[in-house]
**Q** 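This is the structure, below, for whatever I ask next.
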2 protein chains.
Amino acid sequence: MEDQIAQDSTPISQRIKDYLLGEIAAGRWKEGDVVPSEQALVRQFGVSRMTVNRAVRELTAEQVLTRRQGSGTFVAAQKYQATLVEIRNIADEIRARGHEHRSHLHRLEPAKASDAMALQFGLPAGHLLFHSVIVHFENDVPIQVEDRWVNPDCAPDYLEQDFHASTPNQYLMTAAPLQSATYSIEALPAPRPIADMLAIEPRTCCLVLKRKTQSHDQIASVVTMWHPGQLYQFAGALG
Amino acid sequence: MEDQIAQDSTPISQRIKDYLLGEIAAGRWKEGDVVPSEQALVRQFGVSRMTVNRAVRELTAEQVLTRRQGSGTFVAAQKYQATLVEIRNIADEIRARGHEHRSHLHRLEPAKASDAMALQFGLPAGHLLFHSVIVHFENDVPIQVEDRWVNPDCAPDYLEQDFHASTPNQYLMTAAPLQSATYSIEALPAPRPIADMLAIEPRTCCLVLKRKTQSHDQIASVVTMWHPGQLYQFAGALG
DNA sequence: TAGTGGTCTAGACCACAGC
DNA sequence: CTGTGGTCTAGACCACTAT
């Protein structure tokens, strides 16, 4: 045992995790190195195997260790300097900043799927879709154009919603629970209509987030979100 | 018990997780609802409490449930339709696409910190920094300008590295293990020098990723990565 | 006080890897 | 064959919450 912690309320399994993490952080155990077996840790800490197992299993779930039945437990491959970005519901995000969120509904109507849009949804061209265009304001500054196409099978009441009170995001969350999603982020010059809604010059750089969500094994929604590049950024922290 | 699964090799704890997830997915248990207690699940499945506890504890770690000692276990607040983006080492990313990665070193030199850069690093203005500018190519098409400033205290050998063979990312991973990071993604028009290196017109939309990494309780690296907006996008999937 | 979750024990049986 | 991890049991004691 490294330290003699006499009367610490920290659970034993947590102390074992801390010990293992400490050895790795200190560089004494490096990527790929074998870690003491459960039996060895049982003897070292004088606890039962279940307690050791829990500590090691949790660190494995956290990608700190990898285990191979019959072989042993190893320090997991180092994570590269990656960056994880989480993009949330715009209204929540604005309110979380302590600012006022307001939205203007430009369009909410049924529409026939173009060839390109039909392909996105995996539906025949000309199939009925719902289409909405909403501009979101942060303290009265336009910050996002949300151009959304919705599969009526997933959200039949879409056209009856009051999108001043809530966002399509919130409605679809309950009507069509998210199963999976694909997305892309790119930088594009604003076309005329988008520029007008954002009150910026045409061809200004915009941060564009496209997202396609699946629910009940169907494509539920295809959305393109335009943000003025100078005004808006995705940001966050790791670690 | 819902289904009578006679001889399934699925661990019991996993079956309990599947059962709980199924009830939530089917909408029978909604956000905030109380879920059966451990004792109730013990009776329902005819297994020991440790097995039930593991299932419920793991679902709690996965943010599916929340627990309150003395009160009970509840369905966690719904996740919004969020989008998680992981941005990785550009060389790995390109090779993962089966394409060739090549880089051109434009600059690798010591430099004095400007006021703005000193502020970023939390160092006095004029402090020694290392500065590198590298252009990354995917199949000979310029895809990223990596403009990086490095704290010499964290990576004293930075200027001696061969950044044709490896990337600064890879070197810093070992020299200055990532502790935490902040980042932002924005869309900006390319300034002249960046545009030249990317072989695009000045003022073309670029997707710009800025990242500041911390190691050993110091700012280790401040990097700005410019990508041609039409050519490059961050993309991925969820679920 | 009764019921809840939080944790731990000291065993057990199994599948798999390496010698 | 031995040692590894993967899982499960049937108890136990504790802290906390609600009534």
Side-chain angles (χ1 to χ4, degrees), chain A residues 1 3-21 23-24 29 31-77, chain B residues 1 3-21 23-24 29 31-77:
Chain A
M1 215 170 318
D3 305 86
Q4 185 56 276
I5 306 163
Q7 200 47 26
D8 186 345
S9 69
T10 309
I12 301 175
S13 57
Q14 184 58 53
R15 286 199 291 240
I16 297 174
K17 289 177 71 173
D18 291 342
Y19 164 71
L20 297 169
L21 285 167
E23 293 298 303
I24 294 167
W29 299 342
E31 172 182 347
D33 284 1
V34 72
V35 163
S37 73
E38 294 195 354
Q39 269 307 327
L41 290 168
V42 162
R43 287 191 296 270
Q44 181 177 345
F45 284 87
V47 298
S48 87
R49 188 180 158 213
M50 271 301 283
T51 306
V52 166
N53 177 268
R54 175 171 172 180
V56 179
R57 183 158 35 78
E58 289 184 357
L59 286 178
T60 304
E62 294 162 19
Q63 314 241 37
V64 174
L65 302 174
T66 60
R67 316 195 79 181
R68 281 204 303 276
Q69 196 174 42
S71 313
T73 303
F74 308 85
V75 179
Chain B
M1 211 170 323
D3 306 87
Q4 185 54 277
I5 306 161
Q7 199 47 28
D8 187 344
S9 68
T10 309
I12 302 174
S13 57
Q14 184 58 52
R15 286 200 290 239
I16 298 175
K17 288 178 71 173
D18 292 342
Y19 164 71
L20 297 169
L21 285 167
E23 292 299 302
I24 294 169
W29 299 342
E31 173 181 347
D33 285 0
V34 70
V35 315
S37 72
E38 294 195 354
Q39 269 307 326
L41 290 168
V42 162
R43 287 190 297 272
Q44 182 176 344
F45 285 87
V47 298
S48 87
R49 187 178 159 215
M50 271 301 283
T51 306
V52 167
N53 177 268
R54 174 172 173 179
V56 179
R57 183 158 35 79
E58 289 183 357
L59 286 178
T60 304
E62 294 162 19
Q63 314 241 37
V64 174
L65 303 174
T66 59
R67 316 195 78 180
R68 280 204 305 276
Q69 197 173 45
S71 315
T73 303
F74 307 85
V75 178

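Per chain, numbering begins at 1; letters A, B, ... match sequence-line order. Bear in mind that the values here come from a model prediction, so they are computed numbers and not experimental data.
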**Q** For A/Val56, is there any backbone N or O sitting under 3.5 Å from a side-chain donor or acceptor partner on A/Thr60?
**A** yes
**Q** Calculate the interatomic distance between B/Leu20 atom CG and C/dG5 atom C1'; express it in whole Å.
**A** 15 Å
**Q** Is any side-chain heavy atom of B/Ile16 closer than 4.5 Å to a side-chain heavy atom of B/Val47?
**A** yes
**Q** Has B/Arg15 got its NZ or CZ under 6.0 Å from the middle of the six-membered ring of B/Phe45, at an angle within 45 degrees of the ring axis?
**A** no
**Q** Measure the distance from CD on B/Gln14 to P on D/dT7 and round it to the nearest whole Å.
**A** 9 Å
**Q** Side chains of A/Val34 and A/Thr73: does their closest heavy-atom pair fall under 4.5 Å?
**A** no
**Q** Taking only Lys NZ, Arg NE, NH1 and NH2, and the carboxylate oxygens of Asp or Glu, determine whether A/Arg67 and A/Glu38 approach each other closer than 4.0 Å.
**A** yes
**Q** Regarding B/Asn53 and B/Arg57, do their side chains bring together a donor and an acceptor under 3.5 Å, going by distance alone?
**A** yes
**Q** OP1, OP2 of D/dT7 versus side-chain N and O of B/Thr51: anything below 4.0 Å?
**A** no
**Q** Nearest-Å distance, NZ (B/Lys17) to P (D/dT7)?
**A** 10 Å
**Q** Without decimals, in angstroms, what is the distance between B/Met50 CE and C/dT9 P?
**A** 10 Å
**Q** How long is the line joining CZ of A/Phe45 and P of C/dT7, in whole Å?
**A** 17 Å
**Q** Examine D/dC8: is either OP1 or OP2 under 4.0 Å from a nitrogen or oxygen in the side chain of B/Ser13? Give yes or no.
**A** yes
**Q** Counting the atoms with a prime plus P, OP1 and OP2 as sugar-phosphate, which does A/Val47 contact under 4.0 Å by heavy atoms, base, sugar-phosphate, or nothing?
**A** sugar-phosphate
**Q** List every contact pair, protein side and nucleotides 3-6 of chain D side both N or O, where the distance is under 3.5 Å.
**A**
| from | atom 1 | to | atom 2 | distance (Å) |
| --- | --- | --- | --- | --- |
| D/dG3 | N2 | A/Gly70 | O | 3.2 |
| D/dT4 | OP1 | A/Ser37 | OG | 3.4 |
| D/dT4 | O2 | A/Gly70 | N | 3.2 |
| D/dG5 | OP1 | A/Thr73 | OG1 | 2.8 |
| D/dG5 | OP2 | A/Glu38 | N | 3.0 |
| D/dG5 | N7 | A/Arg49 | NH2 | 3.4 |
| D/dG5 | N2 | A/Gln69 | NE2 | 3.0 |
| D/dG6 | OP2 | A/Arg67 | NH1 | 3.0 |
| D/dG6 | O4' | A/Gln69 | NE2 | 3.3 |
| D/dG6 | N7 | A/Arg49 | NH2 | 2.7 |
| D/dG6 | O6 | A/Arg49 | NH1 | 2.9 |

